[in-house]
A.B. asks: 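Sending over a structure as structure tokens; questions will come in a sec.
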Amino acid sequence: MTESAPIETKPPANVERLLKHLMEGALAARLVHAHGTPERAESMKAVLFERLEQVRENLDGTKD
Amino acid sequence: MTAPRIRSLSVKGFRAYGAGEQTLSLPAEIAAVWGPNSKGKSSLAEAFEFLLTGSITRRELMASSQDEFADALRNAHLKDGEEVYVAARIMAADGSEHEIKRVLIADYAKRQDCASCLEIDGAVASEGDLAKFGVTLSQPPLRAPVLAQHTLSYIFSVRPQERATYFKTLLELTDLDDLRNDIAALEGELKPPDDPLLTKFDACAAIPALKPALGGLQRSIPDMPAFAAKIEDAARALIEVAGETVPGTLGGRLTAIEEILAARRSKTFPVRGFERKELAGWNPPSADIWRRFDTYLDECKKVDDETRRLVALFGEALKLPAVAEITVPIECPLCGTESALTPERVQLIRRNVEDTKDFKTAEVGAKSALAQLSASAETVAATESMPRYLTTTAAERRKTGFTVARIRHLLGERAEDFVAPWLSQSGPFARSGIAIRRGAHATKALVDRRASDIATGLDPAELRAAFDALAILRAAFTEATAAYQAPAQALSTALNEILDAQSATAGWQDFLDIARQASEIRKALIERQARATVAKELDTALKEIDRAKEQVLDDKFTDYSGLIQAWWERLRPDEPTFFSAVEPRKGAKRTIDFKAGLSANPDRSTPKVRDVIAVFSQSQLHCLGLALFLARAQHEGLAFVILDDPVLSSDEDYRVHFNSTVLTELLKLPMQVIVLTQDHDTWEELETRYRHLGISTAQLYIETPAEGSIIENTSDALLAKINRAKSLARGGHPDLRKECGIQLRDAGERFCKEMLVKDRRDKGDSTASLTDYDGKTLEWLCPHVDPLLDHDASHPGKLTVFKNTVNRACHDNSPPGNAEMTQAHGDIRFLVKDYLGR
């Protein structure tokens, strides 16, 4: 243990750490990504409404 | 350069520092400042603190003795009116230089904080402005990057619950909390649609007869044909419940339900009396109509009455081939006169007809306009928009049972809630309806009269006035209709509910409403289910984020533990008792524990884990405090740290590691390091070890209390020794004079060695080095240097007397007195200045 441990660079941001614990492509991860964009409110709504439209289409039988 | 650097610090009147501004130069990445006890070292560290935060943590942390810090910042010997400040030159990340200055306005009082004013480049600023240069502060109470003895012990002297403050930046996931809240707010976008159709559908699905067909549709929505079939099944079920014959089509079934419903309701009350049609649109006559009348009247003036009267006859005559095509005179077909109708006369008739062509066009237009006016007057009354009960007589209403008393009886206790608003609007609505009907009737009669004799009776002004009046009546009627609608609808609905309940047809009306809009209700059901599905997914996403947040916190503690461990290992490598982890206590996230590993084996295997407070020695706790401070500084990316006596003087072992490994790693980060030490050996070692980095060194001493601490910026070991001896020379105790003698002897030896090296180099020996004279004492050195002291004949003698004095000081039980020691100091200082120019 005489060797000094490597110096760590700047620790990752909380959001980056959070994303590591979320399934990629899942709604949670997509919303977190959208939150990081400049137009966060609109971006998050876009993610949500896109998912809503998918579900609508599935229920309507217009899309498998 | 990516991080800010302090290039100098100036202090005036602050704590141990007097009226003369003292400046510490910090040109390098590392600086070492040596000062014996009580010479201004801690004041210098606190000057950094005060500059950055406007306070000193020593007072904050010693809560019980805050009163005792009254008047602590201003130097006690300072004259009234003297300014007290700390200032620094900062090189920002972009390479630009700025002056940060904090002026003390009011010192600490017994129960009062101090007051100060921060200036950046001469302008008043706030602490937040420091961030512009990349200077960031940590969380209170240890905000400034200054390590002092009291801050080292702070973290272990507070309760575990209070340690959270020290780790606030670690514990805080504010950005993730905000993110989570922003995402949770999206739930508002997924509220179930507020659609009356859905309310009706749900009511229908709860009706026992309809439940088998409709109940499942709330959960599983089939395609449109299957959905329509379910509606048909539901319609069938209602009719079967009523015991009637079920028609084959949905339309037929709905009509049958409607009839059954109306019949059942009417058995109790003639509710159809409320039925009415929506008020159709009506617009006043257009400008084109009035223009056509004007055109007609203009054309009338151009044609005489006789021609106008006969023109129709002429037109008819010319349609006869026997007349139109004659070439010789013929008998007049009108009066029978022989040869009366000549080709010339037919030509004249043709010209007359041609001349009245525009008149005839205008006449057709005017008649068409009158027809339009007549139609407009007929439709303006919109009698079908009146409810039936208002188009029948009172006697007829009584006969069918449509009475207010009956309505009140049916509605019971709720009657006045509906009847009073309805009646208040029904009267004006009825009167307005009568007025518009009368006005419309009169206007139509007027228009029709004028149309029957357009040649003499057309008066556009009269018609325009009549329609203007009609438009006013229509506007009033429209307004009355609008006011009537809501209370009448409310009354009708309430009445129907009661009638339906009494006639076992509750919900039938709702079913009729939704069954006629099967496509729309299916769409609404899909929308509701889609929103519910995504709302559930969003809820799941939030739970996943919450779980991930917990994991982020654990990760951060793991990382942080790793950082602390790394600094610990640099300070105390290979010890069997070691720092293990810093962690939030299970079930109490804001309680922080420090764990130590105790291993009986050299490789630290199978360690027992205990709380450090219980098992660490004072030295180990001190070391852990330093590791914590450095880990926090690294974690927060601090640009510089000020370390005030970071190593206990009794801890020789880990002083070595600090001077070498720890400082080297800090510089690698990169982090500017300013070390304040009372240990002269440490100071010298640092000067030697980091000479390649251009380490800046300085010494602190006090000549007179009134003058206060003096900062002497120097990397010169020779001058350092002389300066240190200066303060010792006045010491009353023999031991101090003895120490003074040792310092002066070292300084004298160094002087002699430098003189010899200088001489050799002046003579061309570039390899000459101080180490060439290692182990040589004054006894050997002085005779070799004497020939070089040629500025004055007295100089060799000065050196000899100096040598004798310091030798006595070093070896005799009774060292020379103050005067002799002061003289020896003055002599060597003189020789250094005169021969070495320093």
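This is a predicted model, so every value here is computed, not measured.
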A.B. asks: Which residues in residues 183-195 of chain B have a heavy atom less than 4.5 Å from any heavy atom of chain A?
C.D. replies: B:I183, B:L186, B:E189, B:L190
A.B. asks: What heavy-atom pair brings A:L18 and B:I545 nearest, and what distance separates the two atoms?
C.D. replies: CD1-O, 3.9 Å
A.B. asks: Walk me through whether B:V552 and A:K20 qualify under side-chain contact (heavy atoms from CB on, under 4.5 Å).
C.D. replies: CA-CA 9 Å; B:V552 167; A:K20 285 180 186 166; over 6 Å; no
A.B. asks: Measure A:R40 against the heavy atoms of chain B and call it side chain, backbone, both or neither at under 4.5 Å.
C.D. replies: side chain
A.B. asks: Specify the closest pair of heavy atoms between A:L22 and B:A548, including all atoms of both residues, with the distance to one decimal.
C.D. replies: CD2-CB, 3.9 Å
A.B. asks: Does one side chain, of A:N14 or B:K556, offer a donor that lies under 3.5 Å from an acceptor on the other?
C.D. replies: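 Yes - a donor-acceptor pair under 3.5 Å links their side chains.
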A.B. asks: Does either side chain, that of A:H21 or that of B:D555, offer a donor lying less than 3.5 Å from an acceptor on the other one?
C.D. replies: yes
A.B. asks: In terms of heavy-atom proximity below 4.5 Å to chain A, should B:I526 be classed as side chain, backbone, both, or neither?
C.D. replies: both
A.B. asks: Any non-hydrogen side-chain atom of A:L31 less than 4.5 Å from a side-chain atom of B:L538?
C.D. replies: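 Result yes, sub-4.5 Å side-chain heavy-atom pair found.
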A.B. asks: Report the C-alpha distance between B:D559 and A:R17 in whole Å, list the side-chain angles of each, state the deciding distance to 0.1 Å, and finish with yes or no for side-chain contact (heavy atoms from CB on, under 4.5 Å).
C.D. replies: CA-CA 12 Å; B:D559 288 357; A:R17 290 179 185 269; 2.8 Å; yes
A.B. asks: Under 6.0 Å from the NZ atom of B:K595, do we count more than 12 heavy atoms belonging to anything else shown?
C.D. replies: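 Yes, because the 6.0 Å sphere around NZ of B:K595 holds more than 12 heavy atoms from other groups.
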A.B. asks: Chain B: which of A:V47, A:L52, A:L19 shares the most heavy-atom pairs with it under 4.5 Å?
C.D. replies: A:L52
A.B. asks: If we define contacts as heavy-atom pairs under 4.5 Å, which of B:K549, B:M224, B:Q551, B:R180 has the most with chain A?
C.D. replies: B:Q551
A.B. asks: Can you tell if the side chain of A:D60 reaches within under 4.5 Å of the side chain of B:R522, non-hydrogen atoms only?
C.D. replies: yes
